[in-house]
Amino acid sequence: MPLNINWQQILLHLLNLVILVVGLYLILYKPVKKFMKKREDDYKQREDSTQEALDNAKAKEEEYTSRLSAVEEEVAKKREDAAKELAKVRTEKLQEVAKEADEMLTSARERAQKEHDRIISGVSDDIKEIVGEAAEKVVMTSSVNDAYEQFLDAAETGAKSALAGKKKTVTSMTKTKGRSARKKQ
Amino acid sequence: MKTRTKKIIGWSVVALIVVALIVGIILTDGLYASTEDISDVMQDAVLHEENQVSIFGYNVNPGLVSAYVVTLILLALAALIRIFALPKFKNVPGKFQLAVESIVGWFDKLAKTNSPHRNSFLGAYIFAAGCYIFTGTIFELVGAAVVSTAGNSVALPAPLSDINGAIAMGFLSYFVILSGGIAGNGMRGVGRTLKDFSLPISMSFRLFGALLSGLLVTELVYYYIALSFVLPVIVGVLFTLLHALIQTYVLVMLTSLFYGEVSEPHVKVPKEKKKKASKARQGAK
């Protein structure tokens with residue numbers, strides 16, 4: 001054969017190559033590819049699960065955002081209602097207070113008027129009594145001047161007590177110690 | 001200062017070794033030349049008529065011995081990786097794991113790119129063929145010596161620098177392409193593959209030519225001892241590495257391309273469309 005081509009040696013080379021191809025495929029190529037495939041699948045699975053988690057998180061975020069906005073709207077509405085209610089209550093309270101104040105003022109005025117009337121009427125009785133006593137004493141005493149002096153003292157004392165509101169301090173001319181008493185002494 | 005002293009000492013040692021080697025070469029046989037004629041050496045490198053090796057009573061070319069040695073080396077290496085390294089592979093690869101995965105991944109990707117429809121077997125084949133061509137070509141650099149039947153010492157060449165090895169590789173690649181055609185398209189695939197009948201011859205002789213040229217240049221260089229210094233670094237190592245890569249790439253690329261072409265599923269064109277197309281063509285004429 002030209003170029004020393006030898007069929008037997010070609011077949012031996014072919015046998016060698018077949019052994020090599022099968023051997024390398026079984027020993028190295030297949031296991032390494034299997035490992036790489038497994039790792040790729042693993043990463044793909046991780047990527048899928050991560051993507052799923054990410055999608056879930058996004059969905060939850062959207063849900064929470066929508067919920068939050070709804071809650072915010074609700075809060076704003078409630079705040080507005082509360083403000084209105086507060087304003088209403090305040091107005092009512094103010095009106096009540098004003099009414100109570102009016103009533104209290106009126107009743108105080110009435111009570112004051114009554115007291116005033118009562119004091120005035122009390123003082124008139126006292127004056128009448130004093131005048132009666134004085135007249136009696138004038139009649140009883142010899143001196144008109146003393147009687148006059150006693151009358152003046154009694155009147156003065158009665159007026160003071162009337163002003164102080166002490167009705168019972170001046171009940172009779174005998175208990176007073178005016179200028180006539182001092183003169184007697 | 002210390003670093004400089006160390007450097008000086010280191011370079012001095014290297015220089016002394018070189019001088020000692022040169023002196024040794026001159027003293028032994030400085031003008032050594034092979035007893036064989038250079039034309040005989042080169043002719044024998046191509047034809048292997050004289051320097052054959054005897055295995056189990058058969059006289060075979062040294063290239064066949066190289067082929068089996070390379071196969072043994074590759075299978076042993078694969079077994080070592082399978083037994084010791086693969087069980088320790090991690091999801092985040094280390095340097096060695098990355099290298100192994102890159103090689104396997106590169107061939108797998110090449111098969112998938114060029115033959116998208118059918119690529120599982122193709123990937124395995126081009127992986128083995130690529131490893132074989134690359135390692136076989138690099139094996140030439142080892143220069144393992146065997147004794148020929150003529151009694152000469154012969155350095156084991158690259159397996160594919162043997163014409164028989166190159167033919168075996170070319171034909172096996174062709175059969176693989178043919179099998180892809182049959183698996184993908186049945187008889188149509190056979191027809192498609194047989195259309196490229198020159199493919200195994202072109203593949204075989206391309207490999208043979210490329211690797212033989214490397215062998216011949218190496219033989220030429222090493223024939224004269226004076227050329228055996230410095231020059232082999234470029235001719236022997238760099239060129240060998242370069243054409244190992246190139247030949248690996250060319251063969252696996254061609255195989256995967258043709259495999260993809262013949263295994264591509266046939267798309268039936270409806271008859272009406274065909275008629276319309278033919279009418280349109282007639283109208284255009």
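Each chain gets a letter, A, B and so on, in the order its sequence line appears, and its residues count up from 1. In what follows, every heavy atom counts, from backbone to side chain, and hydrogens, waters and symmetry copies are set aside.
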Scan F121(B), Y125(B), Y174(B) and name whichever one has a side chain to side chain contact (heavy atoms under 4.5 Å, CB included) with S179(B).
F121(B)
Options [options], ranked by heavy-atom pairs under 4.5 Å with chain B, top entry:
options	value
Q8(A), K38(A), K30(A)	Q8(A)
I27(A), L11(A), I19(A)	I27(A)
V18(A), L24(A), L15(A), V22(A)	L24(A)

Greater than 12 external heavy atoms within 6.0 Å of Y43(A)'s OH
yes
Are more than 12 heavy atoms from other residues, nucleotides or ligands located less than 6.0 Å from atom CD of E96(A)?
yes
D117(A) and Q113(A): CA distance, side-chain angles, deciding distance, side-chain hydrogen bond (donor to acceptor under 3.5 Å, both in side chains) verdict:
CA-CA 6 Å; D117(A) 291 349; Q113(A) 190 60 42; 3.2 Å; yes
Counting only heavy atoms closer than 4.5 Å, note whether [X] contacts chain A via side chain, backbone, both or neither.
X	result
F171(B)	neither
N61(B)	both
L74(B)	both

Under a 4.0 Å N-O cut-off, is there an ion pair linking R118(A) with E115(A)?
yes
Do the charged groups of K58(A) and E62(A) touch, with an N to O distance under 4.0 Å?
no
Plane angle bin for F89(B) and F35(A) - parallel if under 30°, tilted between 30 and 60°, otherwise perpendicular:
perpendicular
Given the options [options], which has more heavy-atom pairs under 4.5 Å with chain A than any of the others?
options	result
G165(B), C131(B), A129(B), A166(B)	G165(B)
V100(B), I83(B), L64(B)	L64(B)
I163(B), L75(B), L86(B), N91(B)	N91(B)

